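Read through the structure below, which is laid out as structure tokens, and then see the notes.
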Number of protein chains: 2
Amino acid sequence: MNELDEIDIKLLKLLGEDSNVTTKELAGRVNLSPSPVFERVKRLEAGGYIKKYIALIDAEKLDYGLIVFCNIRLKQHDKSIGHEFVTDIMRLNEVVECYNISGDYDFLLKVYARNMKHYQDFVFNKLGSVKSIGSTHSTFVMCENKNSYNINI
Amino acid sequence: MNELDEIDIKLLKLLGEDSNVTTKELAGRVNLSPSPVFERVKRLEAGGYIKKYIALIDAEKLDYGLIVFCNIRLKQHDKSIGHEFVTDIMRLNEVVECYNISGDYDFLLKVYARNMKHYQDFVFNKLGSVKSIGSTHSTFVMCENKNSYNINI
DNA sequence: CTTGAAAAATGGAGGGT
DNA sequence: ACCCTCCATTTTTCAAG
């Protein structure tokens, strides 16, 4: 699969906002019949343009109302320490996202916690036992103004 | 809807990772028949535990391979300036996420750009024309090690 | 891309524990 | 209150044109 035309882009946009639409509905939106739309979507899936389909779960409803961005500086910067850090961090289910970043810190984590007490416990007991960590700096989210989960095309 | 039992949590977990599973498949995973599973999922949707279903689009495939976390400090901190900033920022389609945060900066944006040149253009021309912004600080993502998009329960 | 038809999933009725 | 089996309807999926 090489190039996407405008209809493919439109389909990606629509599915990126709501994947529960029927092929029929999608077809109506792009002025085609269901079959070609079905084929296009399958092609977008096979080509890796659509990675997967997920349900978005409301973290607040599950009493995980606190979002924290946790900056992390490693003790050392060789490859094995970095790899060790990532595998350690992957096991922590409070960590939803992990990025290797430029700047003063090495990694940025997005963390979901129930409350401050829970976050404190996370930092002291869970991060505290990850040996590759040098120091951390937490930035607390006061309000999530926008999260589209996808590129806006 | 008040309490979730273990089966509901399991269903949320499964759907949060892959929402393309059939009710039958889900039923097998939680050792129930399709009907009660179907009813539970509908209850989870109606109760707001499942916010929506989306397709995850591969940004790199669409030539948006650069992720930047952009910290923003406002000029002033009254409510109307904050509101003005958020509405201005919402219009920028490079901005995927926007958080009101604690600390040295007021907002944290997650930005998708095609490349450095595009990001430079975004900062100078798009952020540059948002009057409420005082200063910015960009942190570039070198590697996205993990992104589960959902709470890990 | 269209039509059209087989296969499968959804979503509900009715009954049982 | 919760679950099950069964069935009509809708949707998906895949031919052939």
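Every value quoted in this text rests on a predicted model; they were computed, and no experiment measured them. Every chain is numbered from 1, with letters handed out A, B, ... down the list of sequences.
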Indicate yes or no for a side-chain donor-acceptor contact from [X] to the backbone of [Y] under 3.5 Å, with no hydrogens or angles considered.
X      : Y      : result
B/N100 : B/D106 : yes
B/K75  : B/K131 : yes
B/N20  : A/Y53  : no
A/D8   : A/D5   : yes

Subject >> Earlier contact from the 5' end, DNA chain D, for A/K24 and A/E39 >> reply: A/K24

Whole angstrom value for the distance that separates [atom2] of [N] from [atom1] of [X]:
X     : N      : atom1 : atom2 : value
A/I7  : C/dC1  : CD1   : P     : 6 Å
B/Y53 : C/dA9  : OH    : P     : 16 Å
B/D8  : D/dA1  : CG    : C1'   : 14 Å
B/L26 : D/dC3  : CG    : P     : 14 Å
B/L11 : D/dC3  : CG    : P     : 10 Å
A/F38 : D/dA15 : CZ    : P     : 11 Å
B/N20 : D/dT11 : CG    : C1'   : 13 Å
A/K42 : D/dC14 : NZ    : P     : 8 Å

**OP:** Determine whether the side chains of B/Y99 and A/K110 contain a donor N or O and an acceptor N or O closer than 3.5 Å.
**Re:** yes

Original post:
For B/S33, which contact category applies under a 4.0 Å heavy-atom criterion: base, sugar-phosphate, or nothing?
Top reply: base

**OP:** Report which part of the nucleic acid A/S35 touches: base, sugar-phosphate, or nothing (heavy-atom distance under 4.0 Å, all strands).
**Re:** base

Original post:
According to a strict under-4.0 Å criterion, is A/T23 in side-chain N/O contact with OP1 or OP2 of D/dT11?
Top reply: no

If you check every side-chain atom of [X], which of [options] has the closest atom?
X     : options              : result
A/L32 : C/dC1, D/dC3, C/dG11 : C/dC1
B/P36 : C/dC1, C/dG12, D/dC3 : D/dC3
B/R40 : D/dC3, D/dT11, C/dC1 : D/dC3

